[in-house]
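In what follows, every chain begins at residue 1, and chains take the letters A, B, ... in the order their sequences are listed.
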Number of protein chains: 2
Amino acid sequence: MAVLGALSVVPMTGYALREQIRDTLGHFWSESFGQIYPTLAELERQELVERQSPEDSRSTPYSITEAGLARLRDLLSEPPQTPKPRSGLMLRLFFGAQLEPGAGRRLVADARSQAEGQLAEMASARAELSKDSRLAPNAAYILLTISAGEHAARATIAWADEALAELARLETATP
Amino acid sequence: MAVLGALSVVPMTGYALREQIRDTLGHFWSESFGQIYPTLAELERQELVERQSPEDSRSTPYSITEAGLARLRDLLSEPPQTPKPRSGLMLRLFFGAQLEPGAGRRLVADARSQAEGQLAEMASARAELSKDSRLAPNAAYILLTISAGEHAARATIAWADEALAELARLETATP
DNA sequence: CGCTACATGTAAGGTGTTACATGATTCC
DNA sequence: GGAATCATGTAACACCTTACATGTAGCG
């Protein structure tokens, strides 16, 4: 879905595809080369994507076919399945009583500064979006995903501030 | 880490372990039987967990050893690695221009009601926590993870409301 | 000329889920 | 006696990442 979606915006090589996925979908999606190349080969076999000159396979961008667009629409309308959650931070905090003093605060403080970083990334994503005219038809929807990232990051920061205050209280109460 | 952590609270069978992980760590962690049993066998081999009577292996709870507690503390102080994000919802929304009208709103509305559900779960987790005396030593830390879940859920709801308004605006603007 | 970026691909290995198989115990 | 729950385990498979191998093109 990610590959077809990206190619529906503009034709690209596999290499560029990975960069676009990393830079543009980065805050909610990721793919590695080991995924992308076999996927492209399979999509080409199914004639959902194609290359202009099949003879020279180097540096020739893949583009999506009509069948590919139809498949993309099918995939997009499947209900999203939420992956099983796996938060190492929460797991560590849950058993925080086992941690040495200060370790809990460090965990939360790190999470907070990561969220600050994400907030900055979202801001620059907004700036990028207005510059890249190829994304214009999708801009309204892309803004929704950026806004979601911002809401999530701000929620993390607000939680972290509360948690840090609580942890400070805990550790001074039982010295 | 999850298995050792759970056994550090109270000895359990593998079956109970899975229930506890599902019910208590559920909103930020998950394990399947296919993970738990091989993990327990390996931990027993390393003498990080043990059973009271090795002869009768049925229904005998595993308990954590001293070495297991030490290992748990080591694991807990390792920096948490954030998994590569994979949000099917955001991916679909990003390419939302390809979706038929109304599909976008349905996606967001579903996410919103899921978040409402999570909020309710967090409320009942709070109630459970005050009842279960075995969790008392960890209660303060557990409350932090519950609070994180609530912040995240409320952020999702706030975002969804904004997104729904924006999507309604979009779809009436270009009929 | 050597470094960096572009570009493609594969193989090995780790991780995790699902489904199946098996049997004991408990409860109605 | 039969159904549900407790309990343990395994095998197949899907998925994904990392590391490696290979080569081209452009640039200072």
Side-chain angles (χ1 to χ4, degrees), chain A residues 1-7 10-26 28-46 49-63 75 78 80-88 91, chain B residues 1-7 10-26 28-46 49-63 75 78 80-88 91:
Chain A
M1 196 186 333
V3 166
L4 286 175
L7 292 180
V10 62
M12 264 180 278
T13 64
Y15 189 88
L17 208 38
R18 197 238 164 149
E19 289 194 321
Q20 284 304 305
I21 290 176
R22 170 163 44 72
D23 298 344
T24 313
L25 312 182
F28 59 79
W29 203 263
S30 76
E31 299 289 353
S32 64
F33 281 136
Q35 287 280 103
I36 289 174
Y37 286 115
T39 298
L40 280 172
E42 175 62 17
L43 290 174
E44 190 172 28
R45 202 190 59 73
Q46 295 177 21
V49 303
E50 63 185 5
R51 295 179 130 177
Q52 297 315 317
S53 48
E55 302 81 36
D56 171 28
S57 83
R58 297 265 152 182
S59 303
T60 311
Y62 287 91
S63 48
L75 288 171
E78 282 176 11
Q81 62 219 51
T82 32
K84 317 259 145 148
R86 278 281 165 99
S87 165
L91 191 58
Chain B
M1 195 185 334
V3 168
L4 286 176
L7 292 180
V10 63
M12 265 180 277
T13 64
Y15 189 88
L17 208 38
R18 200 247 163 137
E19 289 193 321
Q20 284 304 304
I21 290 177
R22 169 162 46 72
D23 298 344
T24 314
L25 310 182
F28 58 80
W29 204 263
S30 75
E31 300 288 353
S32 63
F33 282 137
Q35 287 278 104
I36 288 174
Y37 286 116
T39 298
L40 280 171
E42 175 62 16
L43 290 174
E44 190 172 28
R45 202 189 60 72
Q46 294 177 23
V49 304
E50 62 185 9
R51 295 181 132 177
Q52 298 314 317
S53 49
E55 303 82 34
D56 172 27
S57 83
R58 296 268 152 181
S59 303
T60 311
Y62 287 92
S63 48
L75 288 171
E78 281 176 12
Q81 63 218 51
T82 32
K84 316 260 147 146
R86 278 280 166 100
S87 165
L91 191 56

Could you check how far [atom1] of [X] sits from [atom2] of [N], rounded to whole Å?
{"X": "R86(B)", "N": "dC15(D)", "atom1": "CZ", "atom2": "C1'", "result": "9 Å"}
{"X": "E31(B)", "N": "dT15(C)", "atom1": "CD", "atom2": "C1'", "result": "10 Å"}
{"X": "Q35(B)", "N": "dT10(D)", "atom1": "CD", "atom2": "P", "result": "14 Å"}
{"X": "I36(A)", "N": "dT17(D)", "atom1": "CD1", "atom2": "P", "result": "10 Å"}
{"X": "Y37(A)", "N": "dT18(D)", "atom1": "OH", "atom2": "P", "result": "16 Å"}
{"X": "Y62(B)", "N": "dG9(D)", "atom1": "OH", "atom2": "P", "result": "5 Å"}
{"X": "M1(A)", "N": "dC15(D)", "atom1": "CE", "atom2": "P", "result": "12 Å"}
{"X": "R18(A)", "N": "dC16(D)", "atom1": "CZ", "atom2": "P", "result": "15 Å"}

- Listed partners of S63(A) passing side chain to side chain contact (heavy atoms under 4.5 Å, CB included), at least two apart: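 S63(A): side chain to side chain contact (heavy atoms under 4.5 Å, CB included) contacts with P11(A), E50(A), Q52(A).
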- Query: Within less than 4.0 Å of OP1 or OP2 of dT8(D), is there a side-chain N or O belonging to R51(B)?
  - Reply: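 Result: yes.
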- Residue-phosphate contact under 4.0 Å: Y15(B) side-chain N/O, dC6(D) OP1/OP2: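 So the side-chain polar atoms of Y15(B) do come within 4.0 Å of the phosphate oxygens OP1 or OP2 of dC6(D), strictly under.
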- Item | Side-chain heavy atoms of L91(B) within contact of F28(A), under 4.5 Å |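 L91(B) vs F28(A): side chains touch.
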- Query: Picking from dC6(C), dT8(C), dT8(D), which would you name as closest to the side chain of E19(A)?
  - Reply: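 It is dC6(C).
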Touch class at under 4.0 angstrom, heavy-atom based, for [X] against every strand present:
{"X": "S30(B)", "value": "sugar-phosphate"}
{"X": "G34(B)", "value": "base"}
{"X": "S32(A)", "value": "base"}

- Message: Just to verify, which of R18(A), M12(A), E19(A) counts as forming a side-chain contact (heavy atoms from CB on, under 4.5 Å) with Y15(A)?
- Response: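 Per the side-chain contact (heavy atoms from CB on, under 4.5 Å) rule, the option paired with Y15(A) is E19(A), out of R18(A), M12(A), E19(A).
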- Relative to the 5' end of DNA chain D, which residue comes earlier, K84(B) or A41(B), by the nucleotide with the nearest heavy atom?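 The residue closer to the strand's 5' end, by nearest nucleotide, is A41(B).
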- Do you know which two heavy atoms are closest between L17(B) and A6(B), and how far apart they sit?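 Heavy-atom minimum between the residues: CD1-CB, 3.5 Å.
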- Message: Assess, by modelled atom type and distance only, whether the side chains of T39(B) and Q35(B) contain a donor and an acceptor separated by less than 3.5 Å.
- Response: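 No - no donor-acceptor pair under 3.5 Å links their side chains.
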